[in-house]
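Shown next, in structure tokens, is the structure this report addresses.
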Amino acid sequence: MQVNTNNNRQAWLTLGLRTLGEEGLSSLKINELCLKLNVTKGCFYHWFKSKGDYEEQILGYWKHRFTQQFIKLAEVGVDNKQKLSLLCEQCISSTINGNRLEFEINAWTQKNENVKDFVHKVYKQRYTYLLKLLSGIYTNEDEIKKHALIIYSLVVGIDFFYRKLSRKELELIFSEYLFKN
């Protein structure tokens with residue numbers, strides 16, 4: 001008997017994020033997701049209490065993957081310049097390898113107040129981390145805030161760009177923050 005390796009919580013969350021980013025919130029339908037994973041609907045309810053529970057866990061996974069993991073990987077840097085550079089590199093890589101996930105998450109906030117509150121907290125965590133890094137690079141408070149706003153605007157703006165940007169274009173956009181040793 002062959003074991004279905006798609007029947008685990010991680011597979012569901014990964015598929016949920018990918019589906020959200022590629023197809024949008026309206027495509028997060030239990031039956032369709034079951035077909036994609038080649039599992040029964042009962043398998044879904046083994047891992048999640050309800051569709052609402054699943055959606056909450058997808059948001060938690062998004063936060064973990066695209067905020068906490070980014071910060072953890074950036075913290076490997078030896079100083080704030082290197083940490084900021086590592087963070088920007090992750091933003092570039094996720095944009096090239098990614099989809100419209102951030103755009104879809106933002107669209108979701110317009111439909112659900114709980115999602116809006118959750119996403120706002122994630123954005124605040126990201127922005128606060130940027131301020132922390134930049135305070136170790138710049139001394140003037142206005143400069144720190146200006147660069148934090150610029151970087152965050154770049155990250156958000158890339159999702160709304162009219163076409164997919166190349167790595168070279170993304171590196172050009174972030175060039176001021178990709179410190180080379």
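Source: prediction; values computed, not measured.
Every residue meeting the ring pair (Phe, Tyr, Trp, His ring centres under 6.0 Å) condition with Phe44, not counting sequence neighbours, appears here in chain and number order: Trp12, Phe48, Tyr54. Taking Lys146 as the reference, Glu143 meet the salt bridge (charged side-chain N to carboxylate O under 4.0 Å, His left out) condition, with sequence neighbours excluded. Under the ring pair (Phe, Tyr, Trp, His ring centres under 6.0 Å) criterion, Tyr138 pairs with His147, sequence neighbours left out. Residues meeting the salt bridge (charged side-chain N to carboxylate O under 4.0 Å, His left out) test with Lys51, sequence neighbours left out: Glu55. For Tyr45, the ring pair (Phe, Tyr, Trp, His ring centres under 6.0 Å) criterion is met by no residue, not counting sequence neighbours. Contacts of Glu23 classified as side-chain hydrogen bond (donor to acceptor under 3.5 Å, both in side chains), with partners at least two apart in sequence or in another chain: Ser27, Lys36. With sequence neighbours left out, the side-chain hydrogen bond (donor to acceptor under 3.5 Å, both in side chains) criterion links Thr128 to no other residue. With sequence neighbours left out, Trp108 forms a side-chain hydrogen bond (donor to acceptor under 3.5 Å, both in side chains) with no residue at all. Evaluation of the side-chain contact (heavy atoms from CB on, under 4.5 Å) rule for Ser153 yields no partner, not counting sequence neighbours. Taking Lys116 as the reference, nothing meets the salt bridge (charged side-chain N to carboxylate O under 4.0 Å, His left out) condition, with sequence neighbours excluded. Applying the side-chain hydrogen bond (donor to acceptor under 3.5 Å, both in side chains) criterion to Lys83, with sequence neighbours excluded, gives Glu75. By the salt bridge (charged side-chain N to carboxylate O under 4.0 Å, His left out) test, Glu176 is found to be paired with no residue, residues two or more places apart in sequence or in another chain being considered.
Counting heavy atoms from C-beta on, the side chains of Tyr177 and Leu87 never come closer than 4.5 Å. Between Leu84 and Phe174 there is no side-chain heavy-atom pair separated by less than 4.5 Å. Side-chain contact check for Ile105 versus Leu59: some heavy-atom pair is nearer than 4.5 Å. Contact annotation: the side chain of Tyr61 approaches that of Thr14 to within less than 4.5 Å [non-hydrogen atoms, C-beta and beyond]. When side chains are defined from C-beta on, Arg126 does not count as touching Phe70, because their heavy atoms never get closer than 4.5 Å. Contact annotation: the side chain of Asn80 never approaches that of Leu134 to less than 4.5 Å [non-hydrogen atoms, C-beta and beyond].
Put simply, the side chain of Thr67 never gets that close to the backbone of His64: no donor and acceptor are under 3.5 Å apart. Judged purely by atom type and a 3.5 angstrom limit, Glu169 has no side-chain atom pairing as donor or acceptor with the backbone of Leu165. With Ser85 contributing its side chain and Gln82 its backbone, the two residues share no donor-acceptor pair below 3.5 Å.
Rounding to the nearest 0.5 angstrom, the gap separating the CZ atom in Arg65 from the CH2 atom in Trp62 is 13.0 Å. A distance of 11.5 Å separates OG1 in Thr139 from CD1 in Ile137, rounded to the nearest 0.5 Å.
Minimum heavy-atom separation, Tyr127 to Tyr152: N-CE1, 4.4 Å. Closest heavy-atom contact between Phe179 and Lys81: CD1-O, 3.2 Å. Closest non-hydrogen pair, Glu104 versus Leu20, comes out as CG-O, 3.1 Å. Considering every non-hydrogen atom in both Leu130 and Ala148, the closest pair reads CD1-O, 3.8 Å. Considering every non-hydrogen atom in both Lys145 and Leu131, the closest pair reads CA-CD2, 4.2 Å. The two residues Ile71 and Gln125 make their nearest non-hydrogen contact at CD1-NE2, 4.1 Å.
Of the N and O atoms on the side chains of Glu102 and Asn106, not one donor lies less than 3.5 Å from an acceptor on the other residue. Using a 3.5 Å distance cut-off with no hydrogens or angles, the side chains of Arg167 and Ser93 do pair a donor with an acceptor. Between the side chains of Trp47 and Gln10, no donor-acceptor pair is found at a separation under 3.5 Å.
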